[in-house]
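Contents: one structure, followed by commentary.
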Amino acid sequence: MTAPSPDKAGAADTLTRGPRRRRVRGGVPLVRGGVPLPLLLPSLIGLAFLLVPLVALLIRAPWSSLPDLLTSTEVWQALQLSLVCATAATAVSLVLGVPLAWLLARVEFPGRGLVRALVTLPLVLPPVVGGVALLMALGRNGVVGRWLDAWFGITLPFTTTGVIVAEAFVAMPFLVISVEGTLRAADPRYEEAATTLGASRFTAFRRVTLPLIAPGIAAGAVLAWARALGEFGATITFAGNFPGRTQTMPLAVYLALQNDPEAAIALSLVLLAVSIAVLAGLRDRWMAPA
């Protein structure tokens, strides 16, 4: 009796055992064989395009004089102001953004798609345009700002509070998108079960929904905080660049670059370290193993 040919043996093996499965890592099938050259070259160029500027920043950093540069009064003022304003802007985003995300995810109302688009508009709006819009709305002669000044004596532009407002304006959409996505993934039947047991909608939200979406809120808050910390365009347009009052770290980098490039590099390293820390904190969300 002659042995079956390799092709027939493979077909028989496929019929009896099923098709061979590709090696899978992390739920993603891996491609066997080499990477095609038309895909390899652009990917390497893109990787270099993203990494070389960061490596150059580390190479050109004045490591010997870095402690003196980072302990100067101007740097500490800018760093302290940045941390305080970014944290305050994140708090504002949490207080206003979480209910807004719940509204977009759980309530059906006319024009919800338009509202969602308007909420995400600051993500694609040039920051300088956002600063101009804030001036037109909250400036001393703005649509709302004139009444704030006349009725309460509140003036927001070119103040520390103005920095917080500008940072919250550009950072809140990051939190809203993150929380809304988490709410859509959460099962609403838990809230419905709580309401059938006599809980009000707000009690169900506070006791059931918030614990369920806590990871999404935390991730959105970190993203909003990082975005607020690095905000430049809207801040300088709406709040100005006054040392000790409105000069945050990005504004200090811009000013130092004109007079003291080494100080600008040192400040940039601080922001780079903060960005790496944020990325490490969100590694489960953005750096999932392949």
Side-chain angles (χ1 to χ4, degrees), residues 74 77-104 107 109 111-180 217 220-255 271 274:
E74 295 79 6
Q77 283 182 346
L79 179 59
Q80 181 181 6
L81 184 66
S82 295
L83 294 176
V84 170
C85 291
T87 303
T90 304
V92 173
S93 299
L94 284 169
V95 172
L96 303 179
V98 172
L100 178 57
W102 181 86
L103 184 71
L104 293 175
V107 180
F109 59 90
R112 185 171 66 166
L114 177 61
V115 173
R116 181 180 293 110
L118 294 176
V119 168
T120 57
L121 185 60
L123 292 176
V124 296
L125 192 69
V128 175
V129 177
V132 173
L134 288 173
L135 276 176
M136 297 301 102
L138 301 175
R140 183 168 296 178
N141 295 319
V143 176
V144 179
R146 67 178 65 184
W147 304 113
L148 291 176
D149 187 23
W151 293 350
F152 306 103
I154 297 176
T155 303
L156 294 177
F158 309 109
T159 63
T160 303
T161 306
V163 176
I164 297 173
V165 170
E167 291 180 352
F169 177 77
V170 299
M172 189 186 300
F174 287 88
L175 184 135
V176 172
I177 289 176
S178 178
V179 175
E180 184 191 1
I217 294 177
V222 172
L223 288 175
W225 185 83
R227 179 65 183 88
L229 187 69
E231 170 52 31
F232 176 84
T235 302
I236 196 172
T237 306
F238 183 65
N241 186 15
F242 301 101
R245 189 171 67 180
T246 64
Q247 187 181 89
T248 57
M249 287 288 284
L251 302 184
V253 171
Y254 175 75
L255 185 63
L271 293 177
V274 172

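Please read all numbers here as calculations on a predicted model, not as lab measurements. Both backbone and side-chain heavy atoms feed into the values below; hydrogens, waters and symmetry mates do not.
Taken to the nearest 0.5 Å, the CD1 atom of I217 stands 7.5 Å off from the CG atom of L175. The line from CZ of R140 to CG of L156 is 10.5 Å long, rounded to the nearest 0.5 Å. One finds the CZ atom of R146 at 6.5 Å from the CG atom of N141 (value rounded to the nearest 0.5 Å). The structure places OG of S82 at 11.5 Å from CD of Q77, a figure rounded to the nearest 0.5 Å. For the atom pair OG1 (T90) and CD1 (I164), the distance works out to 10.5 Å, reported to the nearest 0.5 Å.
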In a table with atom names and distances, give each donor-acceptor pair under 3.5 Å that connects a side chain of residues 114-128 to protein atoms at least two apart or in another chain.
{"residue": "R116", "atom": "NE", "partner": "E180", "partner atom": "OE2", "Å": "2.7"}
{"residue": "R116", "atom": "NH2", "partner": "L104", "partner atom": "O", "Å": "3.3"}
{"residue": "R116", "atom": "NH2", "partner": "E180", "partner atom": "OE2", "Å": "2.8"}
{"residue": "T120", "atom": "OG1", "partner": "R116", "partner atom": "O", "Å": "3.1"}
{"residue": "T120", "atom": "OG1", "partner": "A117", "partner atom": "O", "Å": "3.0"}

Can you give each donor-acceptor pair under 3.5 Å made by side-chain atoms of residues 228-240, sequence neighbours left out, with the distance rounded to 0.1 Å?
{"residue": "E231", "atom": "OE1", "partner": "R227", "partner atom": "NH1", "Å": "2.9"}
{"residue": "E231", "atom": "OE1", "partner": "R227", "partner atom": "NH2", "Å": "3.1"}
{"residue": "E231", "atom": "OE2", "partner": "G233", "partner atom": "N", "Å": "3.0"}
{"residue": "E231", "atom": "OE2", "partner": "A234", "partner atom": "N", "Å": "2.5"}
{"residue": "T237", "atom": "OG1", "partner": "G233", "partner atom": "O", "Å": "2.8"}

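Annotation: side chain of L79 is in contact with side chain of M249 (closest heavy-atom distance under 4.5 Å).
When all heavy atoms of A89 and E167 are compared, the pair lying nearest together is CB-CB, 3.8 Å. Scanning both residues, P157 and G139, for their nearest heavy atoms gives CG-CA, 3.6 Å.
Using modelled atom types, no side-chain atom of Q247 and backbone atom of A252 make a donor-acceptor pair closer than 3.5 Å. The backbone N or O of V107 lies less than 3.5 Å from a partner atom in the side chain of R112, making a donor-acceptor pair. Within the 3.5 Å criterion, the main-chain N or O of F174 finds no donor-acceptor partner in the side chain of S178.
For the side-chain contact (heavy atoms from CB on, under 4.5 Å) test, residues two or more places apart in sequence or in another chain that qualify with F158 are F242.
Among T155, D149, V143, V165, the one residue that satisfies the side chain to side chain contact (heavy atoms under 4.5 Å, CB included) test with L138 is V165.
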